[in-house]
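Take a look at the structure set out below.
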Amino acid sequence: MNSLFTSFRRILPLNPNSHHHFLLHKFSSSRRSSPPIPIQRLQQPPASPDSTRHQLTVPDFSQTDLATISNLLENQNVIPGSSLESALNETGIEPSYQLVQALFDRLSSSPMLLHSVFKWADTKPTFTLSPSLFNSVINAMCKARDFESAWSLIFDRVRSDGGSELVTADTFTVLIRRYARAGMVQQAIKAFEYATSYYDIELKLLEVLLDALCKEGHVTEASMYMERRRRMDSNWIPSVRIFNILLNGWFRARKLKQAENLWGEMKEMNVKPSVVTYGTLIEGYCRMRRVEVAMEVLEEMKMAEMEMSFMVFNPIINGLGEAGRLQEALGMMERFFVCVSGPTIVTYNSLVKNFCKAGDLLGASKILKMMMNRGVDPTPTTYNHFFKYFSKHNKTEEGMNLYFKLIEAGHSPDRFTYHLIMKMLCEDGKLSLAMQVDKEMKNRGIDPDLLTTTMLIHLLCRLDMFEEAFEEFEKAVRRGIIPQYITFKMIDNGLRTKGLTEMAKRLGGVMSSLPHSEKLPNAYREVVDAQPPGRGDRRKSILHRAEAMSDVLKVCRNPRKLVKMRGSPRMTVREDEKLADDGDGDAVRVPHESSSPLS
DNA sequence: ATAGGGTTAG
């Protein structure tokens, strides 16, 4: 830290007359001690609904058992299930609720192993299957797209009269949501119809069905299904909840016209809108950049004496800010103050963002002061908006000033903060600072990633420091990062031009040991073909290209979010192999037909 | 987990 600070002063002498020096004092006023790095992690298995019910029972699964079985499964994964079952029996391990649950978590991608484990546990007399464990088997099977096994499990447990202790409405909820997620709309509907023919749970499940379809991007189908039911029973009036679900679906799909039609229909049918309805409308209109209309809805809501909260104020304040109407946004916040919930961190962050976007840093820091006076602490998101501004306008010095202030005040920058800072420093050619920030980022527990590594290496190339670039390249690979092909090419070209063929060969060796594509952005190929590596403005455009490319490579961690944003023309999502499994274990969508008993 | 609920885009 100290060396970083000194070198910073050497490279960028502090300028007390900087336009943005007022920022220097803002963040430090909420001085607090640096939060300790959490060392201990929870050792216990995640609590499940069933285990919390018997809180006093000693956890009944040992890590050794889990390891033994995991090991067994790994070595058996090509041998048919029957032999696996006997192998499991030979271990002599008694299945328990938690052990089985833990195994399911590990097996979510392998339906066959899942099935074996389930059968192994299920045949033991000491093992009793609870409804929630049963549903989690169903869930795991469906997640692995083995709907057929899920159905056969259900049919095994359903009595001839259709009743069952295990098969409940929740079971079908799981099934329906999973079908919807897999894009199998017809199967989702069939599952719903099957369930409702046996159970008296139609209303709740209908909501589940429509909600699942809407959330997975099938609003039209959801809406058509509702219409069909209305035609079947002309007296039927859909619940507010159903209207809300569909309204939300239309807005998510950015179909304003349809949303408005439904809203009209709702009024025609005298279905009284709820707070959720108003919230959905307001948020929806704001997202469609129709703040004006959103504010009309707000007035209507007031007339209806509905309680107004951050659910309606936040989108409007953000909408006004996005439209550059910052004074009105502030005015709206005044109204917000008098309501019970009052402004939240989201409100302040949104205002800070839009003041920064408008280039009004003074306004932004006033918001900052306001929020801290009200006891709301800024989050990394808050100050990232400032960094965004500094990075965009090449205000490296101001950016670094802010960075040091934050560190001194005990704040913890996040990954995005470091991305912005590194971008700023690399574009500005501040090599030694960039190297040190990179180091500090590591020390603070944020692992360097493809993006920061790429920026750093490309800077080295720009500075004709190809040997150092190679060194960083190797380091990155050792940390498990696969550099982009363009990065390799840049170093390779540089080394060859400098006559360092031996090093170039080593570089080539490292690269070919890595799985990689050989695609290059067009802009790069043009430049390289036209002129050998050198300095000049066009080199800079390469850097920009490379950064843009690595931005694209950022993987969305949560597939649900992709689904949420789907249909938005302003969002470009590459639905390719990069969208593979994440923590939740949801598989990539692949069109796939099921041969469930219903299809 | 699921009726809205948030985070940064040219």
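Chain letters run A, B, ... following the sequence lines, proteins first, then strands; residues in each count from 1.
The side chain of A:Phe416 has B:dT8 as its nearest neighbour among B:dT8, B:dA3, B:dG6. Here B:dT8 is the nucleotide among B:dT8, B:dT2, B:dG6 with the atom lying nearest to any side-chain atom of A:His385. Looking at the side chain of A:Val346, the nearest of the listed nucleotides B:dA3, B:dG6, B:dA1 is B:dG6.
The CD1 atom of A:Ile317 sits 15 Å away from the C1' atom of B:dG5 (whole-angstrom rounding). Separating the CD1 atom of A:Ile282 from the P atom of B:dA3 is a distance of 20 Å, rounded to the nearest angstrom. Between the CD atom of A:Glu283 and the P atom of B:dT7 there is a distance of 12 Å, given to the nearest Å. Rounded to an integer number of Å, the gap from A:Asp211 CG to B:dA1 P is 15 Å. For A:Tyr278 and B:dA3, the OH to P distance is 21 Å, given to the nearest whole Å. For the pair A:Leu210 CG and B:dT2 P, the interatomic distance rounds to 17 Å; values are reported in whole Å. Atom CG in A:Leu206 sits about 13 Å away from atom P in B:dA3, given to the nearest Å. Straight-line distance from the CG atom of A:Asn248 to the P atom of B:dG5: 6 Å, rounded to whole Å.
Residue-level contact check: A:Thr381 touches the bases, meaning some heavy atom is under 4.0 Å from a base atom. Across all strands shown, A:Val276 has heavy atoms under 4.0 Å from base atoms, whether or not it also approaches the sugar-phosphate.
Taking the C1' atoms as reference points, B:dA1 lies 16 Å from B:dG6, given to the whole Å. A gap of 24 Å separates the P atoms of B:dG10 and B:dG5, to the nearest Å.
Judged by distance alone, the side chains of A:Asn318 and A:Lys353 do bring a donor and an acceptor atom under 3.5 Å apart. Side-chain polar atoms of A:Asp414 and A:Thr417 form a donor-acceptor pair below 3.5 angstrom. Side chain to side chain, A:Asp449 and A:His419 meet the donor-acceptor criterion of an N or O pair below 3.5 Å.
In this structure, the side chain to side chain contact (heavy atoms under 4.5 Å, CB included) partners of A:Leu166, at least two apart in sequence or on a different chain, are A:Leu129, A:Pro131, A:Phe134, A:Arg157, A:Ser164. Annotation: side chain to side chain contact (heavy atoms under 4.5 Å, CB included) contacts of A:Met224 (sequence neighbours excluded): A:Thr220.
For B:dG5, one of the phosphate oxygens OP1 or OP2 lies less than 4.0 angstrom from a side-chain nitrogen or oxygen of A:Arg252.
Residues from residues 349-360 of chain A that place a heavy atom under 4.0 Å from any atom of DNA chain B: there are none.
Few gaps surround CD on A:Glu227; more than 12 heavy atoms of other groups in view lie less than 6.0 Å from it.
Ring centroids of A:Phe147 and A:Tyr179 are separated by less than 6.0 Å, placing the two rings close together.
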